[in-house]
Amino acid sequence: MIYKATKKNVHHVAEMASIMWKNHDIENLVKELETVITSEDGVIYIYSEDAQIIGFAQCQLRHDYVEGTHSSPVGYLEGIFVKEDYRKRGIAKKLLQACEQWSKEKGCTEFASDCEITNEQSLKFHLKADFSEANRIICFTKKL
């Protein structure tokens with residue numbers, strides 16, 4: 001079953017998100033995710049089975065330029081995660097479809113996402129879900 005996350009279950013989502021986004025702690029993730037679910041420009045969908053939360057997808061509207069797109073706003077898949085034991089069962093695809101539908105309802109005509117250049121599993125998911133690769137970049141930082 002797919003439904004929108006609320007403050008009541010945001011901690012469960014944050015626990016899964018911390019597996020995907022390893023450099024974030026759960027408390028900060030809870031705050032960030034609460035901001036998303038209370039915003040008109042964001043949504044988090046949860047997939048549960050037998051009353052257990054096993055996956056989520058976070059989608060937001062991006063009003064700034066999104067690589068490879070030609071409109072604004074653009075629906076943007078910020079993150080998608082399914083617990084390892086439940087993968088390869090079409091759950092991520094269903095979560096993605098919910099995000100795409102939400103984006104259409106918000107007036108979007110384009111949908112985008114990204115993944116780390118080394119994340120082969122995510123790349124395969126995106127290509128299988130009919131995304132087209134728009135660009136590859138390497139980001140740089142330095143301390144000032």
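- Using modelled atom types, no side-chain atom of S39 and backbone atom of T35 make a donor-acceptor pair closer than 3.5 Å.
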Would you tabulate the side-chain donor-acceptor contacts of residues 5-14 under 3.5 Å, counting partners in other chains and residues two or more places apart, or write 'none'?
| from | atom 1 | to | atom 2 | distance (Å) |
| --- | --- | --- | --- | --- |
| T6 | OG1 | K8 | N | 3.3 |
| N9 | OD1 | T6 | N | 2.8 |
| H11 | NE2 | E15 | OE2 | 3.3 |

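- Open room surrounds CD on Q121; 12 or fewer heavy atoms of other groups in view lie less than 6.0 Å from it.
- Judged by distance alone, with hydrogens and angles left aside, the side-chain atoms of K4 form no donor-acceptor pair with the main-chain N or O of I37 at under 3.5 Å.
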List the atom pairs, donor and acceptor, that lie under 3.5 Å between side-chain atoms in residues 88-98 and the rest of the protein, sequence neighbours left out.
| from | atom 1 | to | atom 2 | distance (Å) |
| --- | --- | --- | --- | --- |
| R89 | NH2 | E49 | OE1 | 2.7 |
| R89 | NH2 | E49 | OE2 | 2.8 |

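- In summary, R62 and E78 engage in a salt bridge, as defined by a charged side-chain N under 4.0 Å from a carboxylate O.
- Within the model, atoms CD of E27 and OG of S18 stand 11.0 Å from one another, a figure rounded to the nearest 0.5 Å.
- Interatomic distance, OG of S113 versus OH of Y76, reported as 5.5 Å (0.5 Å rounding).
- A distance of 10.0 Å separates CG in L127 from NZ in K124, rounded to the nearest 0.5 Å.
- For the atom pair L77 CG and F125 CZ, the distance stands at 6.5 Å (nearest 0.5 Å).
- Q60 and D41 form no side-chain donor-acceptor contact under 3.5 Å, judged by distance and modelled atom types alone.
- Nearest heavy-atom pair across N119 and S122 is OD1-N, 3.0 Å.
- Between atom CD of residue Q101 and atom SG of residue C59 there is a gap of 11.5 Å, rounded to the nearest 0.5 Å.
- By the 6.0 Å contact criterion, CD on Q52 is enclosed, its count of non-hydrogen atoms from other residues, nucleotides or ligands being greater than 12.
- Here the CZ-CZ distance, from F111 to F131, works out to 5.0 Å after rounding to the nearest 0.5 Å.
- The aromatic rings of W21 and F56 lie perpendicular to each other, with more than 60° between the two planes, well past the 30° mark.
- Other residues, nucleotides and ligands contribute only 12 or fewer heavy atoms inside 6.0 Å of the CG atom of D50.
- Summarising the geometry of H24 relative to L29, their closest heavy-atom pair is CB-CG, 3.7 Å, with the distance given to 0.1 Å.
- When atom types are taken as modelled, the side chain of E110 and the backbone of H70 share a donor-acceptor pair closer than 3.5 angstrom.
- Nearest heavy atom pair, residue G75 against residue C108, reads N-SG, 3.4 Å.
- No path of Ile, Leu, Val, Met, Phe, Trp and Tyr side chains, each step under 4.5 Å between heavy atoms, connects M16 with Y45, placing them in separate hydrophobic clusters.
- Surrounding CD of E133 are more than 12 heavy atoms belonging to other residues, nucleotides or ligands, all under 6.0 Å away.
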**Q.** Trace of the side-chain hydrogen bond (donor to acceptor under 3.5 Å, both in side chains) decision for D114 with H126
**A.** CA-CA 9 Å; D114 63 56; H126 283 85; over 6 Å; no
